[in-house]
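The structure appears below as C-alpha coordinates.
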Amino acid sequence: MSIPSFLAYEEFARRADALRAQIATACAAASRPASEVELLAVTKTHPAAAADYAARYGLLGVGENRVQEGMEKRPQVAPASATLRWELIGHLQSNKSKLAAQHFDRIQSVDSEKLLNHLDRAAAELGKTLPILLQINAGNDPAKFGADLAEAPRLLEVALTKKNLRLDGLMTIAPLGATPEETAAHAQRTFINLRALRDDLASRFGVSLRELSMGMTSDLVPAIAAGSTMVRVGTALYGAR
Ligand SMILES: *Cc1c(COP(=O)(O)O)cnc(C)c1O
(Lines give C-alpha, C1' and ligand atoms only; values in the text may rest on other atoms or scores of the structure.)
Protein backbone atom coordinates (compact mmCIF):
# COMPACT_ATOMS: atom_id res chain seq x y z
CA MET A 1 0.00 0.00 0.00
CA SER A 2 1.44 3.34 -0.91
CA ILE A 3 0.86 6.56 0.94
CA PRO A 4 -0.14 9.31 -1.44
CA SER A 5 2.52 11.98 -1.36
CA PHE A 6 2.46 15.55 -2.59
CA LEU A 7 5.11 16.69 -5.02
CA ALA A 8 8.51 17.77 -3.67
CA TYR A 9 9.26 21.46 -3.31
CA GLU A 10 12.27 21.16 -5.65
CA GLU A 11 10.01 19.88 -8.43
CA PHE A 12 7.55 22.70 -7.80
CA ALA A 13 10.40 25.25 -7.97
CA ARG A 14 11.60 23.80 -11.29
CA ARG A 15 8.10 24.12 -12.72
CA ALA A 16 7.74 27.66 -11.41
CA ASP A 17 11.12 28.59 -12.93
CA ALA A 18 9.97 27.21 -16.29
CA LEU A 19 6.72 29.13 -16.06
CA ARG A 20 8.49 32.35 -15.23
CA ALA A 21 10.73 31.84 -18.25
CA GLN A 22 7.65 31.23 -20.41
CA ILE A 23 6.02 34.38 -19.04
CA ALA A 24 9.20 36.40 -19.65
CA THR A 25 9.39 35.18 -23.26
CA ALA A 26 5.73 35.99 -23.89
CA CYS A 27 6.22 39.45 -22.36
CA ALA A 28 9.31 40.12 -24.47
CA ALA A 29 7.40 39.11 -27.62
CA ALA A 30 4.69 41.61 -26.66
CA SER A 31 7.24 44.33 -25.72
CA ARG A 32 6.04 44.27 -22.13
CA PRO A 33 8.13 44.13 -18.94
CA ALA A 34 7.84 40.69 -17.30
CA SER A 35 7.13 42.43 -13.99
CA GLU A 36 3.70 43.39 -15.37
CA VAL A 37 2.42 39.82 -15.20
CA GLU A 38 1.79 38.14 -11.87
CA LEU A 39 1.76 34.36 -11.54
CA LEU A 40 -1.18 33.35 -9.34
CA ALA A 41 -0.82 29.78 -8.06
CA VAL A 42 -4.13 27.91 -8.28
CA THR A 43 -4.15 25.57 -5.29
CA LYS A 44 -7.68 24.13 -5.61
CA THR A 45 -7.93 20.41 -4.81
CA HIS A 46 -4.34 20.47 -3.46
CA PRO A 47 -3.29 20.45 0.21
CA ALA A 48 -2.23 23.52 2.18
CA ALA A 49 1.38 22.61 1.35
CA ALA A 50 0.66 23.85 -2.19
CA ALA A 51 0.12 27.34 -0.81
CA ASP A 52 3.24 27.02 1.37
CA TYR A 53 5.27 26.16 -1.75
CA ALA A 54 3.92 29.23 -3.54
CA ALA A 55 4.88 31.49 -0.63
CA ARG A 56 8.31 29.88 -0.23
CA TYR A 57 9.00 30.44 -3.92
CA GLY A 58 8.09 34.10 -3.53
CA LEU A 59 4.70 34.15 -5.24
CA LEU A 60 2.31 36.69 -3.76
CA GLY A 61 -1.05 35.01 -4.10
CA VAL A 62 -3.02 31.81 -4.49
CA GLY A 63 -6.35 31.16 -6.20
CA GLU A 64 -9.10 28.93 -4.90
CA ASN A 65 -12.31 27.89 -6.64
CA ARG A 66 -14.58 27.26 -3.69
CA VAL A 67 -15.26 29.32 -0.59
CA GLN A 68 -15.40 26.29 1.71
CA GLU A 69 -12.16 24.77 0.47
CA GLY A 70 -10.28 28.06 0.71
CA MET A 71 -11.48 28.90 4.19
CA GLU A 72 -10.53 25.45 5.45
CA LYS A 73 -7.10 25.50 3.82
CA ARG A 74 -6.03 29.01 4.72
CA PRO A 75 -5.63 28.43 8.49
CA GLN A 76 -3.53 25.31 7.75
CA VAL A 77 -0.65 27.12 6.06
CA ALA A 78 2.70 27.62 7.79
CA PRO A 79 3.23 30.89 9.70
CA ALA A 80 5.80 31.92 7.07
CA SER A 81 3.01 31.86 4.43
CA ALA A 82 0.82 34.29 6.33
CA THR A 83 1.39 37.16 3.88
CA LEU A 84 -0.08 35.22 0.92
CA ARG A 85 -3.06 36.88 -0.75
CA TRP A 86 -6.02 34.52 -1.17
CA GLU A 87 -8.18 35.12 -4.23
CA LEU A 88 -11.52 33.51 -5.02
CA ILE A 89 -11.57 32.62 -8.73
CA GLY A 90 -14.57 30.26 -8.87
CA HIS A 91 -18.29 30.95 -9.13
CA LEU A 92 -19.76 32.53 -6.01
CA GLN A 93 -23.36 32.10 -4.87
CA SER A 94 -24.73 35.19 -3.17
CA ASN A 95 -25.62 33.26 0.00
CA LYS A 96 -21.87 32.64 0.49
CA SER A 97 -20.95 36.33 0.10
CA LYS A 98 -20.38 36.90 3.78
CA LEU A 99 -17.97 33.97 4.10
CA ALA A 100 -16.18 34.93 0.90
CA ALA A 101 -15.73 38.53 2.06
CA GLN A 102 -14.43 37.27 5.39
CA HIS A 103 -11.93 34.68 4.18
CA PHE A 104 -10.63 36.03 0.86
CA ASP A 105 -8.52 39.08 0.04
CA ARG A 106 -10.05 39.53 -3.38
CA ILE A 107 -13.01 38.10 -5.31
CA GLN A 108 -12.35 37.70 -9.04
CA SER A 109 -15.68 36.11 -9.94
CA VAL A 110 -18.18 38.94 -9.44
CA ASP A 111 -20.66 38.70 -12.30
CA SER A 112 -24.01 40.14 -11.19
CA GLU A 113 -25.59 43.15 -9.55
CA LYS A 114 -27.01 40.86 -6.87
CA LEU A 115 -23.51 39.69 -5.96
CA LEU A 116 -22.25 43.28 -5.86
CA ASN A 117 -25.04 44.14 -3.42
CA HIS A 118 -24.35 41.16 -1.18
CA LEU A 119 -20.57 41.61 -1.15
CA ASP A 120 -20.82 45.34 -0.47
CA ARG A 121 -23.10 44.70 2.49
CA ALA A 122 -20.84 41.91 3.79
CA ALA A 123 -17.73 44.08 3.50
CA ALA A 124 -19.52 46.90 5.33
CA GLU A 125 -20.45 44.57 8.18
CA LEU A 126 -16.84 43.41 8.39
CA GLY A 127 -15.61 47.00 8.34
CA LYS A 128 -13.35 46.34 5.35
CA THR A 129 -12.88 47.43 1.77
CA LEU A 130 -13.06 44.34 -0.40
CA PRO A 131 -11.11 44.31 -3.70
CA ILE A 132 -12.96 42.68 -6.60
CA LEU A 133 -12.72 41.92 -10.31
CA LEU A 134 -15.72 41.66 -12.61
CA GLN A 135 -15.85 38.30 -14.38
CA ILE A 136 -16.84 38.77 -18.00
CA ASN A 137 -17.90 35.99 -20.37
CA ALA A 138 -15.73 37.58 -23.05
CA GLY A 139 -15.79 34.44 -25.21
CA ASN A 140 -19.60 34.25 -25.21
CA ASP A 141 -19.38 30.72 -23.85
CA PRO A 142 -22.85 29.35 -22.96
CA ALA A 143 -21.19 26.97 -20.46
CA LYS A 144 -19.32 29.67 -18.54
CA PHE A 145 -20.24 32.03 -15.74
CA GLY A 146 -19.50 35.70 -16.12
CA ALA A 147 -21.47 38.74 -17.22
CA ASP A 148 -22.16 39.19 -20.93
CA LEU A 149 -19.99 41.74 -22.74
CA ALA A 150 -23.10 43.87 -23.30
CA GLU A 151 -23.96 43.90 -19.57
CA ALA A 152 -20.47 44.96 -18.53
CA PRO A 153 -20.95 48.76 -18.62
CA ARG A 154 -24.05 48.56 -16.43
CA LEU A 155 -22.33 46.20 -13.97
CA LEU A 156 -19.30 48.47 -13.80
CA GLU A 157 -21.51 51.47 -13.17
CA VAL A 158 -23.12 49.67 -10.23
CA ALA A 159 -19.75 48.44 -8.91
CA LEU A 160 -18.42 52.00 -8.82
CA THR A 161 -21.25 53.07 -6.50
CA LYS A 162 -20.32 50.46 -3.88
CA LYS A 163 -18.50 52.18 -1.02
CA ASN A 164 -17.07 48.99 0.46
CA LEU A 165 -15.82 47.44 -2.77
CA ARG A 166 -12.70 48.37 -4.71
CA LEU A 167 -12.87 47.49 -8.39
CA ASP A 168 -9.40 46.45 -9.59
CA GLY A 169 -10.20 45.19 -13.08
CA LEU A 170 -11.66 42.31 -15.10
CA MET A 171 -11.34 38.53 -15.28
CA THR A 172 -12.27 35.96 -17.92
CA ILE A 173 -12.02 32.28 -18.79
CA ALA A 174 -11.72 31.28 -22.45
CA PRO A 175 -14.15 28.67 -23.83
CA LEU A 176 -12.94 25.27 -24.95
CA GLY A 177 -13.20 24.33 -28.61
CA ALA A 178 -13.76 20.93 -30.23
CA THR A 179 -10.13 20.82 -31.41
CA PRO A 180 -6.86 22.32 -30.15
CA GLU A 181 -6.93 24.77 -33.06
CA GLU A 182 -10.46 25.88 -32.21
CA THR A 183 -9.56 26.21 -28.53
CA ALA A 184 -6.57 28.39 -29.44
CA ALA A 185 -8.73 30.57 -31.68
CA HIS A 186 -11.33 30.96 -28.91
CA ALA A 187 -8.63 31.91 -26.40
CA GLN A 188 -7.16 34.58 -28.64
CA ARG A 189 -10.58 36.07 -29.45
CA THR A 190 -11.68 36.00 -25.80
CA PHE A 191 -8.56 37.74 -24.50
CA ILE A 192 -8.62 40.40 -27.22
CA ASN A 193 -12.29 41.03 -26.39
CA LEU A 194 -11.56 41.48 -22.68
CA ARG A 195 -8.66 43.82 -23.36
CA ALA A 196 -10.79 45.93 -25.75
CA LEU A 197 -13.62 46.03 -23.21
CA ARG A 198 -11.24 47.14 -20.46
CA ASP A 199 -9.76 49.91 -22.61
CA ASP A 200 -13.25 51.08 -23.60
CA LEU A 201 -14.65 51.05 -20.04
CA ALA A 202 -11.53 52.66 -18.59
CA SER A 203 -11.80 55.61 -20.93
CA ARG A 204 -15.61 55.93 -20.74
CA PHE A 205 -15.73 55.81 -16.95
CA GLY A 206 -12.37 57.41 -16.19
CA VAL A 207 -11.12 54.47 -14.11
CA SER A 208 -7.94 52.44 -14.50
CA LEU A 209 -9.20 48.80 -14.23
CA ARG A 210 -5.53 47.88 -14.10
CA GLU A 211 -5.92 44.16 -13.50
CA LEU A 212 -6.69 41.84 -16.41
CA SER A 213 -6.85 38.34 -14.96
CA MET A 214 -6.70 36.03 -17.97
CA GLY A 215 -4.69 32.99 -19.04
CA MET A 216 -4.29 29.56 -17.44
CA THR A 217 -1.83 26.68 -18.00
CA SER A 218 -2.80 26.08 -21.62
CA ASP A 219 -3.45 29.63 -22.83
CA LEU A 220 -1.19 32.00 -20.92
CA VAL A 221 0.86 33.02 -23.95
CA PRO A 222 -2.04 34.49 -25.99
CA ALA A 223 -3.37 36.04 -22.76
CA ILE A 224 -0.09 37.87 -22.16
CA ALA A 225 0.01 38.95 -25.81
CA ALA A 226 -3.43 40.54 -25.30
CA GLY A 227 -2.42 42.34 -22.10
CA SER A 228 -2.96 39.95 -19.17
CA THR A 229 -1.58 41.20 -15.85
CA MET A 230 -2.31 37.97 -13.99
CA VAL A 231 -2.13 34.38 -15.18
CA ARG A 232 -3.89 31.82 -12.97
CA VAL A 233 -1.93 28.56 -13.12
CA GLY A 234 -2.70 25.25 -11.44
CA THR A 235 -1.78 22.27 -13.61
CA ALA A 236 1.64 23.49 -14.76
CA LEU A 237 2.69 24.05 -11.13
CA TYR A 238 1.10 21.19 -9.23
CA GLY A 239 0.25 18.59 -11.87
CA ALA A 240 -3.10 17.26 -13.05
CA ARG A 241 -6.03 17.41 -10.65
C1 LIG B 1 -8.70 25.79 -12.17
C2 LIG B 1 -8.67 27.20 -12.65
C3 LIG B 1 -7.49 27.76 -13.17
C4 LIG B 1 -6.21 26.98 -13.36
O5 LIG B 1 -6.31 26.11 -14.44
P6 LIG B 1 -5.07 25.24 -14.95
O7 LIG B 1 -5.47 24.83 -16.31
O8 LIG B 1 -4.93 24.11 -14.00
O9 LIG B 1 -3.86 26.12 -14.95
C10 LIG B 1 -7.53 29.08 -13.54
N11 LIG B 1 -8.65 29.83 -13.43
C12 LIG B 1 -9.79 29.33 -12.94
C13 LIG B 1 -11.00 30.20 -12.84
C14 LIG B 1 -9.83 27.99 -12.54
O15 LIG B 1 -10.98 27.50 -12.08
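Just so you know, ligand 1 is whichever comes first in the structure, and atom 1 is the first atom listed for that ligand.
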### Residues R15, D17: salt bridge by 4.0 Å N-O rule
no

### Task
Can you sort out which atoms of ligand 1 are near I173, meaning under 4.0 Å from one of its heavy atoms?
13 (C)

### Query
Hey, is ligand 1 close enough to G234 that some N/O pair sits below 3.5 Å?
yes

### Task
Out of I89, V42, L40, D219, indicate the one that has the non-hydrogen atom closest to atom 13 (C) of ligand 1.
I89

### Message
Using every non-hydrogen atom in the two residues, find where Y238 and A41 come nearest and quote the distance to one decimal.
### Response
OH-CB, 3.5 Å

### Message
With a 4.0 Å cut-off on N to O distance, would you call E64 and K44 a salt bridge?
### Response
no

### Message
Quick test: of every protein heavy atom, which one is nearest to atom 11 (N) of ligand 1, and how far off is it to 0.1 Å?
### Response
R232 NE, 2.9 Å

### Message
Distance under 4.0 Å to a non-hydrogen atom of V233: what atoms of ligand 1 satisfy this?
### Response
9 (O)

### Message
Is there a side chain to side chain contact (heavy atoms under 4.5 Å, CB included) between Q22 and L220? Walk through the geometry before answering.
### Response
CA-CA 9 Å; Q22 194 185 10; L220 63 91; 4.0 Å; yes

### Message
Walk me through whether E151 and R154 qualify under salt bridge (Lys or Arg N to Asp or Glu O under 4.0 Å).
### Response
CA-CA 6 Å; E151 287 172 35; R154 166 79 191 133; over 6 Å; no

### Message
Under 4.0 Å, counting heavy atoms only: does R241 come that close to any atom of ligand 1?
### Response
yes

### Query
Counting from 1, what ligand 1 atoms have a heavy atom of N65 closer than 4.0 Å?
14 (C), 15 (O)

### Summary
for atom 8 (O) of ligand 1, nearest protein heavy atom and its distance come out as T235 OG1, 2.6 Å

### Task
May I ask you to check whether Y53 and F6 place their ring centers less than 6.0 Å from one another?
yes

### Message
For atom 14 (C) of ligand 1, what's the nearest protein heavy-atom neighbour? Residue, atom name and distance, please.
### Response
K44 NZ, 3.0 Å

### Message
Return the closest protein heavy atom for atom 10 (C) of ligand 1 as residue, atom name and distance.
### Response
M216 SD, 3.2 Å

### Task
Return the residue, atom name and 0.1 Å-rounded distance of the protein heavy atom closest to atom 9 (O) of ligand 1.
T217 OG1, 2.5 Å

### Query
Measuring from I136:CD1 to F145:CZ, what's the distance to the nearest 0.5 Å?
15.0 Å

### Query
Does the distance from a Lys or Arg side-chain N to an Asp or Glu carboxylate O, for R106 and D168, drop under 4.0 Å?
yes

